[in-house]
There are 2 protein chains.
Amino acid sequence: MTSVPETVQETGEETLSTMDRAVTISQVAALAGVSTGTASKALNGRGALRPETRLRVQQAAEQLGFVANAAARSLQTGRTYTVGMITTDSIGRFSIPLLIGAEDALGAGQMSIFLCDARDDPIREQYYLRTLFSRKVDGIIVTGRRTDARAPIGIGLPVPVVYAFISSTDPRDCSVVPDEADGARRAIRHLLAIGRRRIAHVTGPEHHHSATVRARAAEETLAGEGVRPATPTLYGEWSEAWGRQAAGILLSTGADVDAVFCGSDQIARGLAEALTKAGKQIPGDVALVGFDNWDVMVEGCQPALTSVDMDLEGIGRSAAEMLLAAINGTPAHGRHARPGRLIPRASTAV
Amino acid sequence: MTSVPETVQETGEETLSTMDRAVTISQVAALAGVSTGTASKALNGRGALRPETRLRVQQAAEQLGFVANAAARSLQTGRTYTVGMITTDSIGRFSIPLLIGAEDALGAGQMSIFLCDARDDPIREQYYLRTLFSRKVDGIIVTGRRTDARAPIGIGLPVPVVYAFISSTDPRDCSVVPDEADGARRAIRHLLAIGRRRIAHVTGPEHHHSATVRARAAEETLAGEGVRPATPTLYGEWSEAWGRQAAGILLSTGADVDAVFCGSDQIARGLAEALTKAGKQIPGDVALVGFDNWDVMVEGCQPALTSVDMDLEGIGRSAAEMLLAAINGTPAHGRHARPGRLIPRASTAV
DNA sequence: AACCATGAGGAAATCGATTGCCTAGACGCT
DNA sequence: AGCGTCTAGGCAATCGATTTCCTCATGGTT
């Protein structure tokens, strides 16, 4: 063991170590020689104070390492500067980017986020909702791992709610969702642009909103260009296994496909593997486009996978911004679809 | 559009819709015909009250949909029943399971979690720390995406801190970490058990704690059984690309390897792909064991990948439990390593 | 000199729940 | 009857910060 430099102990001037016992505003006021009310005004930029007084209070606060007690503040003001985020996406694949986006939008306004993982359990969800109310959050963001519309989380709730990624079945609710049809159109147009004409679509379960929306948009885009799909849409699962299986189907039907638009990166990856194994060149013989732009998948795929990015962070940011607007009295309603973008990689490189 | 059944509006008996305007304990007290103090005691099971009075208050609370204002309560009691979780793992690959485990341990005690993503930025981290203090969290869990020990997040903090997954360089701090050496031992013993003797180890960067610890444990376990490693440990990255590259190295050295223990599932997957491509049978010619047991990787791999599971949820749960203990006055110190388990799959099936 | 406007800062109420202390009955005992 | 002892529940202080009134000075005006 090398000798570890002894950690700073008692000296810390204005480090966090000074906060050993909570410093209150009255201590700050006492040190600055003013009343607590004045101290409050000084620190919040309110009231009519001489600049030097204000400065004296601020320095006292600095010196003592004062941090206002959020509970006391919110008891008085009614605002907690906190929002709740309820997700059903235990994996975090979608909710983490959403969270990051939301943090960006809220962090600027000094707000914090309670993350609650309801794990697809309605009981748990209602329970979390209750605790969020008890904590008097200023607003709630609801999200999940599927884009299907869901029943509203509650009726006539005391705080604004914004749905992110998923949407609410109630059109009066505010939802921010990816424009999946737009994403599909981008994918198809990209494949057309690189000269492919025999395009298939392999996607997830037909009862998933995402699958059908993307499929329809893909079909319509093709039709718009006067191109017929190489095969009917193949519905299956969101997994690599299904991608591999679908590759077998495409090969055996002799459809002579030169491109496949896939409903997810995992499906695309399964296809890539199986097609390569069968002797097909990617993108030479078959070009591939995935969906989600999931880093580990698009990079792990051989060749690297072109994919549609739904800009989850952007959705999180938008949702948080709309929530803020609602909190401040100007609520938005309805579904707001945000466009994604296509990230071209080797699997469609000409 | 089918006609949507009009949502319950004014009638809602005890649904959440009743909570339109915050119900306070004095309203409950008034309805029950008691004082607020008595109401408080009734609802919290304190004081000496006639059972019927207690019941009357509870029913009044129920009827009004009363939920106590957490800010007011914590102002009085000094407890917020809230913990902060600071992570540097923007991806969420590790922090989400940790969060879920922690939620399990804390949820039973009705606590909530503030999730703060510091994104590897020390400034951001200190900023979050400050807001957590202002919110008077009862404790803090610090985590990250690497198991390397990190500098303590602060010295002499006013609340207990537990490090989960990562550990603190200060031995007086409490850390709950995966027993990676144990995981490596399990992997090696498993390979030995299925009769493999020419075992290689491919892992991440040498400057990562995880990589070296696992490598050393693997070597020692082999040595303990009197087996020499088929090759020196191959250090690289945690990626599939490195796995593929490593496969090439193993093949070209003619080391005649019959098993590879990989430092991550992604590395294993890269190896699997490249080895298969080179005509090797898995597990026939070469058996593979990964690390992390990351569902999409182990399932996407062909064949399905045997892997070491670090039980992240369990670590999150333990960390939360130790944090609770510390909050309640019996803090633990030092590093607590939790064993993982090996999940056998096709890549090592005999 | 008298008056008023303005600036600076203090005093105290307030938010909602908790809790220690106190009191009014009820009861029992001598 | 008198006294002590419980019991049930009310009263009011308290937590910490904000905010609404006030109250002094001060200085400018006529």
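Each chain gets a letter, A, B and so on, in the order the sequences are listed, and its residues count up from 1.
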Rounded to whole Å, how long is the line connecting atom CG of B:Asn69 with atom P of C:dT14?
18 Å
DNA chain C contacts made by residues 30-39 of chain A, counting heavy atoms under 4.0 Å:
A:Gly33, A:Val34, A:Ser35, A:Thr38
Measure the distance from CG on B:Leu43 to P on C:dA17 and round it to the nearest whole Å.
10 Å
Reading DNA chain D 5' to 3', which nucleotide is the first, and which the last, to come under 4.0 Å of any heavy atom in chain B?
D:dA8 to D:dG16
What's B:Thr24 touching, base or sugar-phosphate or nothing? Going by heavy atoms closer than 4.0 Å.
sugar-phosphate
Would A:Glu125 and A:Arg150 pass as an ion pair if we require N to O under 4.0 Å?
yes
Take A:Arg56 and A:Thr77, find for each the nucleotide of DNA chain C with the closest heavy atom, and name the residue whose nucleotide sits nearer the 5' end.
A:Arg56
Between A:Arg124 and B:Glu103, does any NZ, NE, NH1 or NH2 come within less than 4.0 Å of an OD or OE carboxylate oxygen?
no
Do B:Arg145 and B:Asp120 sit within salt-bridge range, that is, some charged N less than 4.0 Å from a carboxylate O?
yes
Is the shortest distance from a Lys or Arg side-chain nitrogen in B:Asp170 or B:Arg172 to a carboxylate oxygen in the other one below 4.0 Å?
yes
Under a 4.5 Å cut-off applied to non-hydrogen side-chain atoms, are B:Val177 and B:Ile315 in contact?
no
Write down the distance between CG (A:Leu75) and P (C:dT18), rounded to a whole number of angstrom.
12 Å
Heavy-atom contacts under 4.0 Å between residues 45-55 of chain A and DNA chain C, which residues?
A:Ala48, A:Leu49, A:Arg50, A:Thr53
Would B:Arg130 pass as a cation-pi partner of B:Tyr127, given that its NZ or CZ must be under 6.0 Å from the six-membered ring centre and within 45 degrees of the axis?
no
In Å and rounded to the nearest 0.5 Å, what is the OG to NZ distance from B:Ser74 to B:Lys136?
9.5 Å
Where do A:Leu312 and A:Phe94 come nearest, in terms of heavy atoms and distance?
CD1-CD2, 3.7 Å
Separation of B:Ile141 CD1 from B:Ser95 OG (nearest 0.5 Å)
11.5 Å
Please name the pair of heavy atoms, one in B:Arg146 and one in B:Asp148, separated by the smallest distance, quoted to 0.1 Å.
NH2-OD2, 2.7 Å
Nearest-0.5 Å distance, CG of residue A:Leu323 to CE of residue A:Met85:
11.0 Å
